[in-house]
Amino acid sequence: MTAAIRLGVNIDHVATVRNARGGAHPDPVEAARLAVQAGADGITAHLREDRRHIRDADLRRLRHEIKAPLNMEMAATDEMLAMALDLLPHACCIVPERREELTTEGGLDVAGHEASLAGPVQKLAAAGVRVSLFVDPDPLQIAAAARIGAQVVELHTGAYAEGRAGELERLHAAARQALALGLEVHAGHGLTYENVGPVAAIEGLSELNIGHFLIGQAIFDGLAAVVVEMKHRIALGAAAGRGAGV
């Protein structure tokens with residue numbers, strides 16, 4: 001029986017709302033707790049250089065208070081590597097980061113920075129942290145991820161979510177390549193109720209990480225309800241893919 005696709009809930013933007021007033025409410029750790037109670041399989045949080053949403057203390061509380069895998073998104077900087085090696089989350093997803101961007105705008109250029117990325121990847125793996133690289137569905141990037149020892153690639157679905165022609169086919173091809181190289185395949189960015197199904201149908205996909213849409217929709221429906229609904233949409237998409245022989 002095929003394993004169900006895991007849902008990682010990114011709680012960054014609960015912290016964005018909290019930081020707008022500078023207080024303690026709403027608490028991203030409480031949001032993580034509610035998400036896990038509703039069926040989330042893990043929690044994702046991105047510690048950015050400028051601490052625009054998640055803060056160091058949030059990560060420490062998530063690591064010690066939430067009984068679900070923690071996926072720390074991070075840039076491959078000395079500061080973030082030191083934090084990850086101290087915290088030892090279940091997984092680290094290395095992403096590109098520019099201070100001026102509103103959100104992560106594309107995949108990591110692994111092929112262009114193999115030498116500088118190999119060290120952090122190897123140090124995290126040696127510490128028992130599962131290492132993922134956030135990449136565009138590009139054969140060169142996936143091959144490079146395998147060469148430097150990543151265990152997982154997370155496929156950037158942003159162009160697909162924007163409706164760019166041919167992107168779903170690129171995602172399928174990227175997943176096939178990654179699996180053939182022994183990599184686990186995750187995906188995320190810009191996914192909603194309406195567009196998640198075809199991504200969930202990708203053969204061999206293990207995990208989806210979704211944040212902005214879930215936190216935004218939770219304003220109207222409540223966080224538990226949107227986690228339940230998203231898991232339902234993912235399951236429908238995966239079943240449709242199996243039925244169509246995708």
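One-based numbering along the sequence shown. Side chains are part of it too, since the values below use all heavy atoms of this structure and drop only hydrogens, waters and symmetry mates.
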**Item:** NZ/NE/NH1/NH2 to OD/OE distance under 4.0 Å, D12 and R52
**Value:** no

**Item:** Separation between CG of L133 and CG of L108, rounded to the nearest 0.5 Å
**Value:** 6.0 Å

**Prompt:** With sequence neighbours left out, what residues match R18 under salt bridge (charged side-chain N to carboxylate O under 4.0 Å, His left out)?
**Reply:** D58

**Request:** Please check if any side-chain donor atom of N10 sits under 3.5 Å from a side-chain acceptor atom of T44, or the reverse.
**Result:** no

**Message:** Applying a strict under-4.5 Å side-chain criterion to I, L, V, M, F, W and Y, I'd like to know whether V228 and L34 cluster together.
**Reply:** no

**Point-to-point distance, once rounded to the nearest 0.5 Å, from CG of L59 to NE2 of H64** = 10.0 Å

**Prompt:** Is it the case that one hydrophobic cluster holds both V17 and L47, taking links as side-chain heavy atoms less than 4.5 Å apart, direct or via other members?
**Reply:** no

**Request:** State, yes or no, whether a side-chain contact exists between N71 and H90 at a heavy-atom distance under 4.5 Å.
**Result:** no

**Asked** What is the distance from atom CD of E184 to atom CD of E154, rounded to the nearest 0.5 Å?
**Response** 11.0 Å

**Ion pair R63/D86, N-O distance below 4.0 Å** = no

**Asked** Under a 4.5 Å side-chain heavy-atom rule over Ile, Leu, Val, Met, Phe, Trp and Tyr, are L140 and V110 clustered together?
**Response** no

**Prompt:** Does M230 reach the side chain of L208, with side-chain heavy atoms less than 4.5 Å apart?
**Reply:** no

**Request:** Compare all side-chain heavy atoms of I210 with those of V196 and state whether any distance is below 4.5 angstrom.
**Result:** yes

**Fill in**
Rounded to the nearest 0.5 angstrom, the CG-CE distance for L88 and M83 is 11.0 Å

**Prompt:** Can you tell me how far CE of M74 sits from SG of C93, rounded to the nearest 0.5 angstrom?
**Reply:** 10.0 Å

**Prompt:** So V227 and V36, side chain to side chain contact (heavy atoms under 4.5 Å, CB included) or not? Walk me through it.
**Reply:** CA-CA 9 Å; V227 170; V36 172; over 6 Å; no

**Asked** Is there a donor-acceptor contact under 3.5 Å linking the side chains of R55 and N19?
**Response** yes

**Asked** Do other residues, nucleotides or ligands put more than 12 heavy atoms under 6.0 Å from H113 NE2?
**Response** no

**Prompt:** Is the side chain of Q177 donor-acceptor paired with the backbone N or O of P139 at a distance under 3.5 Å, no angle test?
**Reply:** yes

**Fill in**
In short, side-chain hydrogen bond (donor to acceptor under 3.5 Å, both in side chains) pairs touching residues 217-232 with sequence neighbours left out are D41-K231, Q217-D221, E229-R233

**Request:** For side chain to side chain contact (heavy atoms under 4.5 Å, CB included), just list the numbers for L223 and I215, CA-CA rounded to whole Å, side-chain angles, deciding distance to a tenth of an Å, and then say yes or no.
**Result:** CA-CA 7 Å; L223 185 55; I215 301 308; 4.1 Å; yes

**Request:** Examine V152 and L171 and state if one hydrophobic cluster contains both, with Ile, Leu, Val, Met, Phe, Trp and Tyr joined whenever side-chain heavy atoms are less than 4.5 Å apart.
**Result:** no

**Message:** I'd like to know if the side chain of Y160 and the backbone of R170 have a donor-acceptor N/O pair within less than 3.5 Å.
**Reply:** no

**Under-4.0 Å salt bridge between E207 and R130** = no

**Request:** Measure the spacing between CZ of R176 and CD of E203 and express it to the nearest 0.5 Å.
**Result:** 8.5 Å

